[in-house]
Amino acid sequence: MSFDLVLFGGTGDLAWRKLMPALFQAFRHGTLPKDGRIIGVARDDLGDEQYRALIQGRFGEVDGAKRPSPEEFARFAQLLHFVRMDLSKPEEFQRLKATLEARAADTVVMYLAVAPQLFTQAIGQLAAAGLNRPNVRMVLEKPLGHDLASNREINDTVRRAFGENQVFRIDHYLGKPAVQNLFALRFGNALFEPIWRRENIANIQITMAEDLGVEQRGAFYDTTGALRDMVQNHALQLLCALAMEPPINAHADAIRDEKLKVLRSLKPWSPADLAQHVVRGQYSAGVIDGHAVPAYRDEAGVDPESRTETFVALRAEIANWRWAGVPFYIRTGKRLPGREACIVVNFRPAPHAIFNAPRGAANKLVINLQPRDGLQLHLLAQGQEKRRNGHTLTPVHLDLDFDKRFGSERVGAYERLLLDVIDGRLNLFVRSDEQEEAWRWVEPILEGWANDDNGPRLYNAGTWGPSAASAMIARDGASWPEEL
Ligand code: NAP
């Protein structure tokens, strides 16, 4: 199968940090279809050779194991081409059209790795130039809009030019091996499904922590914030994977129909819930790994009086028979103590205690998403220790390290997703109705914050966010993992 992958924004940060290394890995693993071209598009005046040299230079900044040797790059470079083009100029689409028509590949992938302000114009112009034939697949990166209205505007524009099955909305969390394993755990094994419900599960916690600040993206982040950047998309997709009903098969729409039902079942926000169950924070100066780091408001590109949240913790509920009354806690933030993403499923304690058990030591399943990828099942076992009033149980855990077990077979998130786009598999991509439903649920939070003069609570960089996040969960008698 031949393919042309057009990388709009082919000289940008996303292209060289994520997409090129992922494409190179697929090339190295022999999974990238053989007869392909990768066509970078940007306004720079580059020829193919200059573009290849630029990308080779950038590979020098990529993680060592993922860096090509000069021989490997020389072979990979044969795939790379460049088309100079300004997406805001309709007449320049003809140049791209000529490049694509010179070869007529079986599949054409258009990857919009450019600022979202260019999306609607670029999509409209691709259609006007006749570059929306059925063999064309459109890949859209976040952020897809700023709120429900702007998300709908993008989706409406895409819909006028492409069928829904031609549109691949990336949520790179869905490409992570651990998330695919969550689907495998739930729907490929009979063990967990019978207990995967309110009768047995006390609460579920999703943590997505970063120790980094806003780096060079202060101006972008200041208009976005943690709720839009992490919760509306990644956290809610994880929540769907955890809470959805078993789909009737593994086809994209069967999976996406079930995820959509979860989003529709999320309990809407009342003013009282917003006050009690949502905490927003912003980092002040602090220490990370022994280094002093500045406050968010002192970062380059950030308004010195910014009220943008760099931390969110919230308590969601899913109003259906399986999950009624079970809290789903979501917590994400920047400048937290480490880079760590995990899900903790806390099971209810044994209904009748005949042993002594340490406080908070009920069964739990921990799903590690990053930096490690694996599963831990926490159980209670009989150790050697004896007490006067009987035996005390000791927490132990079964530890499945997927990195160790599957090692070199593992495929990174962007590599998986890019291969899926080229092959036309939509399972790990988000449908427009899912996105709109997610925006509908988060919008009242944004509106509530806009009308709240208090602004975000400050937390010191290097800590787990404002103490109100611990107080929120403690009101339910629960605690975050590091507080046990
Ligand atoms: P970036 O580094 O600023 O790169 C933007 C790219 O777009 C450059 O190649 C630029 O090249 C090109 N470009 C800008 N205006 C253009 C125009 N009018 N016509 C043609 N090309 C144009 O941005 P980025 O960080 O790669 O981000 C791109 C998109 O991905 C954004 O929507 C961002 O939010 C999203 N995203 C980025 C990341 C990430 O890790 N960076 C992660 C997730 C999502 P020229 O200026 O030479 O034209």
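We count ligands from 1, going down the list as the structure has it; atoms in each ligand are counted the same way. Everything numeric here is computed off the predicted structure, so don't read it as measured data.
- For the residues Arg217, Lys89, Arg43, the heavy atom positioned nearest atom 17 (C) of ligand 1 is part of Arg43.
- Of all protein heavy atoms, the one lying nearest to atom 34 (O) of ligand 1 is Pro143 CD, 3.3 Å.
- What sits closest to atom 32 (O) of ligand 1 on the protein, heavy atoms only, is Val114 O, 2.9 Å.
- Given atom 19 (N) of ligand 1, the protein heavy atom at minimum distance is Leu87 N, 2.9 Å.
- If you check which protein heavy atom lies closest to atom 43 (C) of ligand 1, you get Glu141 OE1, 3.6 Å.
- Of the options Ala122, Pro116, Gly12, Ala113, the smallest heavy-atom separation from atom 4 (O) of ligand 1 is shown by Gly12.
- Where the criterion is an N or O separation shorter than 3.5 Å, residue side chain and backbone included, Arg17 meets it with respect to ligand 1.
- Heavy-atom contacts from other residues, nucleotides or ligands closer than 6.0 Å to CD of Glu305 number 12 or fewer.
- Listed by number with element, the atoms of ligand 1 under 4.0 Å from a non-hydrogen atom of Asp44 are 47 (O).
- Side-chain rings of His172 and Tyr414 approach one another, their centers coming within less than 6.0 Å.
- Looking at Asp171 and His234, their side chains do bring a donor and an acceptor atom within 3.5 Å of each other.
- In terms of protein heavy atoms, atom 9 (O) of ligand 1 is closest to Thr11 OG1, 2.6 Å.
- Here Phe311 and Tyr459 bring their ring centres to under 6.0 angstrom of each other.
- Distances from atom 39 (C) of ligand 1 to the heavy atoms of Leu144, Leu46, Asp13 show the closest one on Asp13.
- Between the side chains of Asn155 and Asn151, at least one donor-acceptor pair of N or O atoms lies under 3.5 Å.
- In plain terms, the two heavy atoms of Thr332 and Met208 that are nearest each other are OG1-O, 2.8 Å.
- The closest approach between Lys18 and ligand 1 stays at or above 4.0 Å for every heavy atom of the residue.
- With salt bridges taken as basic N to acidic carboxylate O contacts below 4.0 Å, one links Arg133 and Glu101.
- Sparse packing is recorded around NZ of Lys404, with 12 or fewer heavy atoms of other residues, nucleotides or ligands lying under 6.0 Å away.
- The single protein non-hydrogen atom nearest to atom 20 (C) of ligand 1 is Met85 O, 3.2 Å, given as residue, atom name and distance.
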Quiz item: Can you check side-chain contact (heavy atoms from CB on, under 4.5 Å) on Met110 and Val139, steps first, answer last?
Solution: CA-CA 6 Å; Met110 306 280 191; Val139 186; over 6 Å; no
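- Across Leu14, Asp45, Leu112, heavy-atom proximity to atom 27 (O) of ligand 1 is greatest for Leu14.
- For atom 6 (C) of ligand 1, the closest heavy atom belonging to the protein is Gly9 CA, 3.5 Å.
- The contact set between ligand 1 and Asp86, taken as ligand atoms under 4.0 Å from a residue heavy atom, comprises 17 (C), 18 (N), 19 (N).
- By the 30° and 60° cut-offs, the orientation of the rings of Tyr51 relative to Phe82 is tilted.
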